[in-house]
Amino acid sequence: MSVATEREYGLFINGELIEPASGEVRELIEPATGATLARAAMAGEADVDRAVEAAQAALAGPWGKTPATERSRLLHALADAITANRKELAELEARNVGKAISSVKAELHQAAENFRFYASAVASIAGRSNPVGGSLLFYSLKEPVGVVGQIVPWNYPLMMATWKLAPALAAGCPVVLKPDPATPLTALRLAELAGEVGFPPGAINIVPGDGPTTGAYLVRHRGIDKVAFTGSTKTGGEIMRQCSEPIKRLTLELGGKSPNLVFADANLADAIPSSVWSIYYGAGQSCEARSRVLVERPLYDDFVSRFSELASGLKVGDPLDPDTQMGSLISTTHRDKVHGFVEQGREEGAEVVTGGEPVDGAGAFYPPTVLAGVDNGMAVAQEEIFGPVVTVTPFDDERDAIRIANDVRYGLMATVWTGDPGRGHRLASRIKAGTVGINMPYSAFPGIPFGGYKQSGFGRELGLETLDLYLETKSVIVNTGPKPINPFGL
Ligand code: NAD
Ligand code: MN
């Protein structure tokens, strides 16, 4: 494979990769090997200033003047460029994140489709006109909300960047995007491709850097009109506080502890392998990982043993091997955190059926782990572990299943496995989650709104309504009659 990683990556500001004013260039580690992967510049405050200024100039200039049809063409061209460069992007992402390349390829396909969806969705941006009576004419205008600051995490660096960039660009907003400092490579490459296909300088700016310093500075920046964030609930709350004083527009995609409900009438030949996939793809480092499996009691023991057998047989290893099903975690530090949860589960009385010990070696590997006999009140059932660890909890009946499913502070996703269609729809209406899958494990499709209830955040991505989060509605009211309106009769 060609190695695009021997490059040193600059910041992407005003249409080019540049050296950071901060002077900081960091070595990135390949999590699956522990070796150095590439060198990337980190942005400081002066760099964020430059990026915001470039975005402001783009909005006042070429990008602000780019008509909707041209924005659509550019979004399609970027989708084409992602597809044309998919081998390089896939290798960069797999090596930078440690994620299995088979998963990364599916994500890349979705990244391109997402740009295509918003390329078409541009056509839906329109105000309206409705009668207000008398001589008054009303019409509304949809205007870009302004310069957008976007912050994304390390678990899906490219896909999260595309989820964020595509609707903002479709709406006509320029963007300053801050990737996680550990995983900036694909967002930088994407921005470079965007420049090559014709996005004007300043429309897209990428400023990798640390969250509490560079990220917080971007959020507070007076030149930023709207913030869109994906990450932990704790950081989301902090960002919300920062946005409260200047009343900045904000959308938050946060954590999850999503349930996967298996009823005794389900087709287990579908339910069990899909439930295994729903937690272990991406090594469980997904906000919508179905990390709490709830099983109807008569099925419980049989389910746990069949699930655990499939889990322990997953192919864990080299992210670049096309047969690998699960790569490494993002870092050994994160692996220690995940393992700490497993130890806590043991202390709380959970049974470790498979996995539960870190893999020796330099890579940040952790095996697929099943915790059985878990009560929903235990920390392992309530806290986001963000690793390849599932809890399995029995339930008595439909009511009990709904109660346990909702007994958590998050509400991102739920999957229901049942042979009774009526039950599927009843659960869909009663589970408090942004997405409910019935006999179907997938969570995210371009065009289908994705986002959280409760502490999983607010605002939706991937949908048509996402555009509204990047637009202001301006109402224009005109007196078309011959008489002036003089309400005081002066
Ligand atoms: P995190 O909140 O620490 O970091 C996420 C991003 O925010 C990073 O870019 C980080 O640099 C930045 N950041 C950190 N502190 C900041 C601050 N004070 N101000 C501004 N930016 C700051 O999250 P993490 O633990 O690194 O990532 C995993 C988390 O992300 C998980 O909790 C997961 O559930 C969540 N996540 C949610 C979704 C979703 O769509 N809802 C998707 C992926 C990940
Ligand atoms: Mn973090």
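Ligands are counted one by one from 1 in listed order, and the atoms in each one are counted from 1 as well.
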May I ask you to list the atoms of ligand 1 that are less than 4.0 angstrom from any heavy atom of [X]?
{"X": "N155", "result": "43 (C), 44 (C)"}
{"X": "V152", "result": "6 (C), 8 (C), 9 (O)"}
{"X": "C287", "result": "34 (O), 36 (N), 37 (C), 38 (C), 39 (C), 40 (O), 41 (N), 42 (C), 43 (C), 44 (C)"}
{"X": "A216", "result": "19 (N), 20 (C)"}

Quick test of your reading of the model: are E30 and K99 salt-bridged, counting only N-O distances below 4.0 Å?
no
Is E384 close to T233 at the side-chain level, that is, under 4.5 Å between some pair of heavy atoms?
no
Does V408 reach the side chain of Q382, with side-chain heavy atoms less than 4.5 Å apart?
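Yes, at least one pair of side-chain atoms sits under 4.5 Å.
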Any side-chain donor near an acceptor of the partner, Q110 and W163, under 3.5 Å
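On atom types as modelled, these side chains qualify, holding a pair under 3.5 Å.
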For ligand 1, is W163 a contact, meaning one of its heavy atoms is under 4.0 Å away?
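The answer is no: ligand 1 sits nowhere under 4.0 Å from a heavy atom of W163.
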Test item, F229 contacting ligand 1 (heavy atom, 4.0 angstrom):
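Within the 4.0 Å threshold, so yes.
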Using a heavy-atom cut-off of under 4.0 Å, does the side chain or the backbone of E384 touch ligand 1, or both, or neither?
side chain
For L254, which part has a heavy atom under 4.0 Å from ligand 1: side chain, backbone, both, or neither?
backbone
Check for me whether K178 meets the cation-pi criterion with F229, that is, NZ or CZ under 6.0 Å from the six-membered ring centre and within 45 degrees of the ring axis.
no
When you measure from the centre of the six-membered ring of Y470, is the NZ or CZ of K226 under 6.0 Å away and within 45° of the axis?
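Verdict for Y470: a cation-pi partner in K226.
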Counting heavy atoms only, which of L218, T235, I151 is nearest atom 16 (C) of ligand 1?
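Checking each option, the heavy atom nearest atom 16 (C) of ligand 1 is found in T235.
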Select the closest option to atom 25 (O) of ligand 1 among F386, W154, F450, judged by heavy-atom distance.
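Answer by nearest heavy atom: W154.
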Verdict with supporting geometry, T391 and S291, side chain to side chain contact (heavy atoms under 4.5 Å, CB included)
CA-CA 6 Å; T391 62; S291 51; over 6 Å; no
